[in-house]
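Reviewing the structure listed below.
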Amino acid sequence: MGYIDEVLELVAQQNPDQKEFQQAVKEVLSSLRPVIEKNEARYRREALLEKMVNPERVIMFRVPWQDDEGNTHVNTGYRIQFNGAIGPYKGGLRFHPSVNLSIMKFLAFEQCFKNSLTGLPMGGGKGGSDFDPKGKSDREILRFCQSFMTELVKYIGPDTDVPAGDIGVGAREIGYMYGQYRRIRGAYEGGALTGKGLTYGGSLGRKQATGYGLLYLTRELLKANNMDIAGKIVTVSGAGNVAIYAIEKATAMGAKVVTCSDSTGWIYDPEGIDVELLKDVKEVRRARLDAYAAARPSAQYKEGRGVWSVKCDIALPCATQNELLLDDAKMLVANGCTAVCEGANMPTTLEATHYLQESGVLFCPGKAANAGGVACSGLEMSQNSQRLSWSVEEVDEKLQTIMVNIFKNLDQAAKDYGMAGNYVAGANIAGFEKLAEAMIAQASF
Ligand code: NDP
Ligand code: 2IT
């Protein structure tokens, strides 16, 4: 049995119930075959792959909090410090009832390669809780965030581990958590969290960075294949931070985005999504998507899922993991879709990914396509260290350069190993090679 298969079997044995984690490891390792085969003896001697699939540290803790009636609830908090070879652990916090160890570990594992791809000095981590923010009052969110940070504060800091937002964690939650961090530490360490508000050390452009970065990457991908975004029909899933700013940038680049979705239903708007209305519904009113349809005559709201049944040129899954299934991939191909770029983390199942690739659809994985968010977080850390704030133009220019370089590097890595056009392999190889060298150079523990 080859080294990769041995490690995949080990991961399955050691983590029998962690299907998302197993899926993420399989996706990465199976595309590394040519690199591993070339360096097998050296990597085996270092137990490199065994180290790479084992987090340096897993922190789990109790998060008790009080609701508005005075009843106490208990959730589980997590922080996975997966790999610190390239820099301080870096990655978001997710608050969603589906959160468990498997989902945390898959996200942290992906983050190691994503952060490596950005070219910035950031290791990989992720955290969060199975807390459900839906239907909670502002005071309840505050109490939860304070309790969560009261424990997390022991493990994070500007030079150790730097959390940020993810599903269910945006500017409000980061503000509440940073306030608690500062109170307990008794010091102003802005670089301990990113995604902060603009009045207290946040970076201009961070809110938009994942969605905008996704479109900068998509533009490069299309350009390399002699296509352009202008005039294209785009379908987007999700209606949160990533989706909103992906829609905004795609529209600014001359495409027409005709869908978005949340966990209850989806919108088909043949006139093109009105992004200002969507922001009002989601960011200001925190309402469901039926409120969008109620205010927009051209839009239809449908319960359940269905975004991928709409004819499009480009599909951008921006909601959550495993939301684009094999049957969805078949519909996309049958409808003539030419490119799929992942705004979310692992939104496309392995079967759907293979089907899209085999059908000639240009496919860019999330660890490259959505890296603009964490890259801008890296820029926020730089600004905090310098005690300076850069202009939005400066940040956006750096973000564009980073996304262009990510595409160049993954395109080149795929070509170097005789897999031109396989952007999954290209992203994994480019992310892996840097991480592997950093670990070996440090005789990484
Ligand atoms: P948000 O919480 O802002 O938005 C998430 C969106 O996806 C909401 O519309 C939500 O609907 C929907 N959604 C979430 N879970 C489900 C589910 N199980 N089924 C159906 N719909 C769902 O999160 P983000 O936009 O920040 O994150 C979206 C994705 O992008 C995630 O995969 C995240 O890991 C990834 N990502 C985020 C980055 C960032 O900077 N924020 C950076 C890189 C990747 P509802 O509100 O109804 O739950
Ligand atoms: O998945 C991700 O890259 C994020 N949620 C952003 C992480 C970050 O540290 O900005």
Side-chain angles (χ1 to χ4, degrees), residues 20 87-99 103-104 106-115 117-118 120 122-128 132-135 156 161-174 191-196 202-203 205-214 236-247 260-267 278-279 281-283 286-290 292 304-305 307 316-324 342-348 365-381:
E20 292 86 1
Y89 310 107
K90 180 83 195 86
L93 298 170
R94 176 178 292 190
F95 293 169
H96 193 273
S98 65
V99 161
I103 289 178
M104 291 284 99
F106 115 66
L107 288 164
F109 179 74
E110 285 279 293
Q111 199 81 43
C112 301
F113 301 92
K114 184 194 304 190
N115 294 2
L117 281 172
T118 65
L120 299 174
M122 300 182 292
K126 200 84 186 188
D132 187 358
K134 284 207 184 75
I156 65 170
D161 184 356
V162 184
D166 194 79
I167 291 177
V169 177
R172 172 181 60 169
E173 291 74 20
I174 294 291
L193 279 176
T194 62
K196 298 183 294 298
S203 174
R206 173 61 187 90
K207 183 170 69 170
Q208 296 84 356
T210 313
Y212 281 17
L214 172 64
V236 168
S237 64
N241 175 262
V242 180
I244 288 172
Y245 293 95
I247 294 170
C260 62
S261 64
D262 65 16
S263 53
T264 52
W266 60 287
I267 292 288
L278 185 62
K279 284 183 197 171
V281 169
K282 285 293 172 185
E283 294 184 340
R286 296 183 189 271
R288 313 305 312 162
L289 276 178
D290 51 1
Y292 176 94
R305 58 195 297 283
V307 160
L316 304 175
C318 297
T320 191
Q321 67 275 355
N322 293 328
E323 54 152 321
L324 199 165
E342 296 185 322
N345 286 308
M346 205 169 76
T348 316
K367 64 173 72 65
N370 70 38
V374 73
C376 193
S377 280
L379 301 178
E380 183 172 333
M381 291 164 71

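Whatever order the structure lists them in is the order used to number ligands and atoms, beginning at 1. Because the structure is a prediction, the values reported are computed rather than measured.
Checked by atom type and distance alone, the side chain of Thr210 never pairs as donor or acceptor with a backbone atom of Gly372 at under 3.5 Å. Without hydrogens or angle criteria, Arg305 side chain to Gly265 main chain gives no donor-acceptor distance under 3.5 Å. In this structure, Lys90 contributes its side chain and Val162 its backbone to a donor-acceptor pair below 3.5 Å. Listed for the Asp161 side chain is no donor-acceptor partner under 3.5 Å among the backbone atoms of Gly125. When atom types are taken as modelled, the side chain of Asp132 and the backbone of Pro97 share no donor-acceptor pair closer than 3.5 angstrom. Of the possible polar contacts, one joining the Glu342 side chain to the Thr348 backbone as a donor-acceptor pair under 3.5 Å is found.
One finds the CD1 atom of Ile267 at 8.0 Å from the CG atom of Asp290 (value rounded to the nearest 0.5 Å).
For ligand 1, residues of the protein lying within 4.0 angstrom by heavy-atom distance are Arg94, His96, Lys114, Lys134, Asp166, Ile167, Gly168, Arg206, Thr210, Gly238, Ala239, Gly240, Asn241, Val242, Ser261, Asp262, Ser263, Arg288, Cys318, Ala319, Thr320, Gly343, Ala344, Asn345, Asn370. In this structure, ligand 2 sits under 4.0 Å from heavy atoms belonging to Lys90, Gly91, Gly92, Gln111, Lys114, Lys126, Ala164, Gly165, Asp166, Arg206, Asn345, Gly373, Val374, Ser377.
Sorted by first and then second residue, the salt bridge (Lys or Arg N to Asp or Glu O under 4.0 Å) pairs with a member in residues 369-379 form an empty list; sequence neighbours excluded.
For Phe95, the ring-ring contact (aromatic ring centres under 6.0 Å, His included) partners are Phe144, Phe148, not counting sequence neighbours.
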